[in-house]
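First the structure, in the form of structure tokens, and then the observations on it.
A, B, ... follow the sequence lines: proteins, then strands. Residue 1 opens every chain. Computed from heavy atoms alone, side chains included, the values below leave out hydrogens, waters and symmetry copies. Not measured: the values here are computed from a predicted model.
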Amino acid sequence: MTLKLYNTLSRRLETLEPIEPGVVRLYTCGPTVYDTAHIGNFRTFIFEDLLKRYLKYSGLKVRHVMNVTDVDDRTIERAAEEGQTLAELTGRYCAQFQQDLSALNILPADHLPRATEFIPQMVAGIQTLIDQGQAYTTDDGSVYFNISSYPEYGRLARLNPEQMVVGERVAADDYAKEEPRDFALWKGYKPSDRDSRWPAPWGEGRPGWHIECSIMSTHFLGEQLDIHCGGVDNIFPHHENELAQSRCLHAGPFVNLWLHSEHLIVDGRKMSKSLGNFYILPDLLEKGFSPEAVRYTLLSTHYRKKLNFTFDRLQESQQAINRLRELARRLEEVPAGHKGMAPAVPDAAVAAALDDDLNIAGALGAIFAWAHELFGLLDRERLSGASAGEGLAALGRYDEILGVVFFSPSTLDEEVTALIAEREAARQNEDWARADEIREQLQQRGILLEDTSTGTIWKRG
RNA sequence: GGCGACGUACCCAAGCGGUCUAAGGGAGCGGUCUGCAAAACCGUUAUUCACCGGUUCGAAUCCGGUCGUCGCCUCCA
């Protein structure tokens, strides 16, 4: 396996060469738990899941850490609005987040540390930067990183600090600092912060956003990471600042490969809370879409391409998944000793595509082309029993990467089960009118019935 | 103003200088099968890759320009 990935730092494809042979140290930026994450957020988490699953598929061990930001402007604001403590609010949304991760069949990280669990370590790190003369305190008890103390500042984002526009967002920051481009390591306490206050040598307050990742990644994975992921909007300022801090706290390279996923688009604009054009998973499930259809939709476009989200897309994804599930069902029906052809499984094509910067569309193309070949043989009863078994195993392997075929075993409620039984009876009596009526009724509810040679099956529409 | 990405059929999308008269998914149309459907299969829907010019024996693929869309430029995945 020679997996090549696009490194944002070099803007080139680079071969993954784990620091420790056979083990990949992966750090992915998690959510800020001030609200339910929208599916644009999940596009990134699903891209990271694809990466992780493919690394495992390739025989590597993955040590994965995802942080949870549970203290920042938004969490504090939201907690105040809802009259809750910070911990109550973030606890609630963190639980929601994990529930959504699970629904989308995203493999959990080995560690999911929350920023507030590492405040003393962050304080120590900030103190080191102060001691080194790379950070300074201000009268309000805040601490800022002096970007001029780090010559490589701007390298990741390819921004020249001299040319950076000091815009509204900087002006809106009412903290005192020596130079507008410097960023906060620590924010001095203000009454509006309510219960969000922690002690520090230079004064009570709370950590800035970026320092948590520098500290927690090192804590769990060491000073150098193989891969660090996030959405493109994290390149600047978050990752640029994180990189600066980490490089100043320890001399090594910090991250070998920086990977960033593109945005999910709605009506031509990026999906975001501020634009109001977002969807959350529970709402899509409520509308009757399956979690696997959401997963497939977010997964099936290359991670560095913008992805336009539509309900049609979800529907198309469901159809594609149904096709693979149908293949599995048909393969299971082939008797073990059946004589026939033995087509090759597309392992090599799938691996070649994914080795090329996770070319998922190429991999899916290979899988579906193979599926088509198998269906043709199945229709003519010319697939050997052994090949059917191999095919089923191969599909299982590929689904360890895709995670859309063999998960979330759907169940039917009693009413539906009874209707299906009633229809069976009607068909036995050749009462076609009643049988068709039930079929249409269930179709309205998103359940498709198909009468096969071995009985009636159902699937989601 | 600075930096960057993208534009392939009705929709989505692969393609990384020749095997491209361009994978794969969805959708449509005709057929086989079926009680009828659905699924699956067979056939069909781009001699063409936003547009213009250039490099090359050869370009969807490289270079330049034009048009269009989007993103980032201090706390957005």
Under 3.5 Å on both distances, the Watson-Crick or G-U partner of B:U21:
none

Can you tell me whether the side chain of A:K270 and the base of B:C70 have a donor-acceptor pair closer than 3.5 Å?
no

C1' spacing across the pair B:C16 / B:A59, given as an integer number of angstrom:
12 Å

Taking 5.5 Å and 30° as the limits, would you call A:F375 and the base of B:A40 a stacked pair?
no

Can you tell me the base-pairing partner of B:U55? Count Watson-Crick or G-U wobble geometry only, both distances below 3.5 Å, and say none if there is no partner.
none

Give none if B:C33 has no partner; otherwise give the nucleotide forming a Watson-Crick or G-U wobble pair with it, both distances under 3.5 Å.
none

Looking at A:D312 and B:C12, is any side-chain donor or acceptor paired with a base atom of the opposite kind under 3.5 Å?
no

Interatomic distance where CD1 belongs to A:I265 and P belongs to B:A77 [whole Å]:
15 Å

Taking the six-membered ring for Trp, are A:W370 and A:Y398 parallel (under 30°), tilted (30 to 60°) or perpendicular (over 60°)?
perpendicular

Does OP1 or OP2 of B:A14 have a side-chain N or O of A:K305 closer than 4.0 Å?
yes

Write down the atom of A:G288, the atom of A:R460, and the distance for their closest heavy-atom approach.
O-NH2, 3.5 Å

Classify A:G230 by what it touches in the nucleic acid, base, sugar-phosphate, or nothing, heavy-atom distance under 4.0 Å.
sugar-phosphate

Below 3.5 Å, does any donor atom in the side chain of A:R439 face an acceptor in the base of B:A37, or the other way round?
yes

Could you identify the nucleotide paired to B:G1, looking across every strand shown and requiring Watson-Crick or G-U wobble geometry with both distances under 3.5 Å?
B:C73

With a 4.0 Å cutoff (strictly under), does any side-chain N or O of A:R269 reach OP1 or OP2 of B:G71?
yes

Answer with base, sugar-phosphate or nothing: what part of the nucleic acid does A:E262 contact at a heavy-atom distance below 4.0 Å?
base

Closest to side chain of A:D356, choosing from B:C11, B:G15, B:A23
B:G15

Between A:R74 and B:A77, is there a contact of a side-chain N or O with OP1 or OP2 at under 4.0 Å?
yes

Parallel, tilted or perpendicular: ring planes of A:Y150 versus A:Y153, cut at 30 and 60 degrees
perpendicular

Distance check: side-chain N/O of A:H38 vs OP1/OP2 of B:A77, anything under 4.0 Å?
no

Sugar-phosphate only, base, or nothing, as touched by A:F368 at under 4.0 Å among non-hydrogen atoms:
sugar-phosphate

Is A:A320 touching bases, backbone alone, or none of the nucleic acid, heavy atoms closer than 4.0 Å?
sugar-phosphate

Can you check whether A:H263 has a side-chain N or O nearer than 4.0 Å to OP1 or OP2 of B:G4?
no

Using both distances under 3.5 Å as the test, list the Watson-Crick or G-U wobble partner of B:C6, or none.
B:G68

Using Watson-Crick geometry (N1-N3 plus N6-O4 or O6-N4) or G-U wobble (N1-O2, O6-N3), each under 3.5 Å, B:A38 is paired with none

In Watson-Crick or G-U wobble terms, both distances under 3.5 Å, what is the partner of B:U61?
none

Considering only NZ, NE, NH1 and NH2 on the basic side and carboxylate oxygens on the acidic side, decide whether A:R155 and A:E152 come within less than 4.0 Å.
yes

Hey, does A:G365 reach any base, or is it just sugar-phosphate, or nothing, if we go heavy atoms under 4.0 Å?
base

Under 4.0 Å, heavy atoms only, any strand: does A:Q319 hit a base, just the sugar-phosphate, or nothing?
sugar-phosphate

Counterpart base for B:U48, defined by Watson-Crick or G-U wobble contacts under 3.5 Å
none

Which part of the nucleic acid, if any, lies within contact of A:H260, taking any heavy atom under 4.0 Å across all strands shown: a base, the sugar-phosphate backbone alone, or nothing?
nothing

Quick check on RNA chain B: between A:R423 and A:E326, whose nearest nucleotide comes earlier from the 5' end?
A:R423

Under-3.5 Å donor-acceptor pair between A:D436 side chain and B:G35 base
yes

Report yes if a side-chain nitrogen or oxygen of A:N359 is closer than 4.0 Å to either non-bridging phosphate oxygen (OP1 or OP2) of B:G15; otherwise report no.
yes

Map A:D451 and A:A157 onto RNA chain B by nearest heavy atom, then report which one ends up closer to the 5' terminus.
A:A157

Is the backbone N or O of A:V404 less than 3.5 Å from a side-chain atom of A:R325, with the two atoms forming a donor-acceptor pair by type?
yes

Under-4.0 Å side-chain N/O to phosphate OP1/OP2 contact, A:R323 with B:G25
yes

Main-chain N/O of A:N67 paired with A:R114 side-chain donor or acceptor, under 3.5 Å:
no

A:L377 atom CG is separated from B:A40 atom P, nearest whole Å, by 16 Å

For A:K52 and A:H64, test the side chains for any donor-to-acceptor distance below 3.5 angstrom and give the result as yes or no.
yes

Output the rounded distance in Å from NZ (A:K306) to P (B:U69).
14 Å

Quiz question: by atom type and distance under 3.5 Å, do the side chains of A:N146 and A:S148 form a donor-acceptor pair?
yes

Across the strands shown, which category fits A:L264 at heavy-atom distances under 4.0 angstrom: base, sugar-phosphate, nothing?
base

